[in-house]
Protein chains: 2
Amino acid sequence: MQVSAYAKDCPSRQILDRIGDTWSVLIVVMLADGAHRYTELAKRIQGVSPKMLTQTLRGLERDGLITRTVHPVVPPRVDYALTELGHSLYGLVEGLEKWAETHIDDVQAARVEYDALRRKGRNRRLCGG
Amino acid sequence: MQVSAYAKDCPSRQILDRIGDTWSVLIVVMLADGAHRYTELAKRIQGVSPKMLTQTLRGLERDGLITRTVHPVVPPRVDYALTELGHSLYGLVEGLEKWAETHIDDVQAARVEYDALRRKGRNRRLCGG
DNA sequence: CAGTATCCGTAACGATACTG
DNA sequence: CAGTATCGTTACGGATACTG
């Protein structure tokens with residue numbers, strides 16, 4: 001088996017990149033229960049800058065995961081909503097959440113144990129003169 | 001609903017980060033069919049530097065996803081293998097691959113369409129025609 | 001063989017000021 | 001309201017030389 005990190009035509013990698021992106025996932029989750037306006041997203045997704053919000057929304061729109069609807073009114077109103085494809089992706093994210101909730105305790109325990117052993121090892125070396 | 005990107009205690013985010021990491025996924029995939037040595041991984045995972053390989057392996061080990069077995073021989077021999085938890089994560093990754101293979105065509109098509117409209121300047125999707 | 005240590009460029013991201 | 005433009009930082013990752 002030979003794997004390449006640079007296989008950009010690899011479907012899995014593209015989806016992985018999307019899912020690994022913090023803002024993308026948060027937006028998809030936000031839109032899962034219905035359409036939202038730009039400012040709503042900005043307010044409810046804590047810590048996102050207008051730059052990142054716009055950039056992420058554009059990416060999601062380009063991938064066919066969300067729609068962007070401009071209402072020709074003043075002041076402007078723009079709604080974002082999941083497409084069918086976006087809903088499908090959300091299903092995937094839900095699966096991930098389920099796995100995470102099920103296994104996070106194991107991961108946490110492993111980390112504690114690993115860190116404890118690391119500390120012990122270091123102390124031993126220091127005291128072992 | 002209020003979502004925060006900085007909820008580090010959020011299980012989903014931790015798993016998402018792990019899955020979004022290129023090298024982590026590649027390593028898990030490589031180890032799915034059995035244990036491998038450091039150099040084997042280095043050779044078969046194209047483009048990975050020793051720095052990133054070690055760093056990623058440590059992270060996976062810390063999270064209890066892989067084991068690191070040092071054989072006390074000369075020259076050194078170190079084997080890496082998936083834990084049960086690691087295999088479980090691999091199952092998740094397989095699910096992602098399946099989704100990706102199923103839907104990548106839709107994504108690709110959406111991108112082509114989006115880019116085409118952008119070029120034409122008809123990128124604005126107006127409500128009510 | 002299996003790493004570690006170091007240097008370094010870049011690109012991602014945050015903050016903020018501005019605009020149609 | 002819904003963005004865009006610009007700047008500055010920083011942290012991530014690549015390359016490589018070195019070591020037990």
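Just so we're clear, the structure is a prediction, and the values are computed from it rather than from any experiment. Lettering follows sequence order; numbering is per chain, from 1.
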Please walk me through it: do B:Tyr38 and B:Thr54 pass side-chain hydrogen bond (donor to acceptor under 3.5 Å, both in side chains)?
CA-CA 9 Å; B:Tyr38 183 89; B:Thr54 299; 3.0 Å; yes
Of the listed nucleotides C:dT4, D:dA2, C:dA2, the one nearest the side chain of B:Arg77:
C:dA2
Stepwise, does the side-chain contact (heavy atoms from CB on, under 4.5 Å) test hold for A:Leu31 with A:Tyr80?
CA-CA 8 Å; A:Leu31 296 179; A:Tyr80 293 94; 4.1 Å; yes
When you get a sec, tell me which of C:dC13, C:dA2, D:dT4 is the closest nucleotide to the side chain of A:Gln55?
C:dC13
Residue pairs fulfilling salt bridge (charged side-chain N to carboxylate O under 4.0 Å, His left out) with at least one residue in residues 77-90 of chain B, sequence neighbours excluded:
B:Arg77-B:Asp79
Please tabulate, one pair per line, all N/O donor-acceptor pairs under 3.5 Å involving side-chain atoms of residues 86-98 of chain A, not counting sequence neighbours.
from: A:Ser88; atom 1: OG; to: B:Trp99; atom 2: NE1; distance (Å): 2.7
from: A:Ser88; atom 1: OG; to: B:His103; atom 2: NE2; distance (Å): 3.4

Rounded off to whole Å, could you give me the CG-to-P distance for the A:Leu26 and C:dC13 pair?
13 Å
Is the phosphate of D:dC1 approached by A:Thr39 (side-chain N or O, under 4.0 Å from OP1 or OP2)?
no
Without decimals, in angstroms, what is the distance between A:Ile45 CD1 and D:dG3 P?
13 Å
Closest to the A:Pro75 side chain: D:dG14, D:dA2, D:dC1?
D:dC1
In whole angstrom, give the distance that lies between atom CG of A:Asp21 and atom C1' of C:dA11.
14 Å
Should B:Tyr38 be listed as having a side-chain N or O under 4.0 Å from OP1 or OP2 of C:dT4?
no
Does a side-chain N or O of B:Arg58 approach OP1 or OP2 of C:dT4 to a distance below 4.0 Å, or not?
yes
Tell me: NE2 of B:His36 to P of C:dA2, nearest whole Å?
13 Å
Look at the side chain of B:Thr56 and the backbone N and O of B:Ser24, then say whether any donor-acceptor pair between them is shorter than 3.5 Å.
no
Using a 4.0 Å heavy-atom cut-off to protein, can you give one letter per nucleotide of nucleotides 15-20 of chain D, 5' to 3': B if the base is in contact, S if only the sugar-phosphate is, - if neither?
BB---B
In whole angstroms, how far is the P atom of D:dG3 from the CD1 atom of A:Ile27?
11 Å
Return the set of residues passing side chain to side chain contact (heavy atoms under 4.5 Å, CB included) with B:Val74 (not counting sequence neighbours), or none when no residue passes.
none
Only stems of 3 or more consecutive Watson-Crick or G-U pairs count here, both distances under 3.5 Å; name the ones for DNA chain C, or none.
C:1-20 with D:1-20
Which residue pairs satisfy the salt bridge (charged side-chain N to carboxylate O under 4.0 Å, His left out) criterion with at least one member in residues 15-28 of chain B, sequence neighbours excluded?
B:Arg13-B:Asp17, B:Arg18-B:Asp63
Between B:Leu53 (CG) and C:dG3 (P), how many Å, whole number?
8 Å
Check this one for me: any side-chain N or O of B:Arg37 less than 4.0 Å away from OP1 or OP2 of C:dC1?
no
Give the rounded distance in Å between these two atoms: CE of A:Met52 and C1' of C:dA11.
12 Å
Can you establish whether the number of heavy atoms outside A:Glu40 located under 6.0 Å from its atom CD is more than 12?
yes
Are B:Gln55 and B:Lys51 side-chain neighbours, meaning at least one heavy-atom pair lies under 4.5 Å?
yes
Could you state the atom-to-atom distance from CZ of A:Arg68 to P of D:dA2 in whole Å?
10 Å
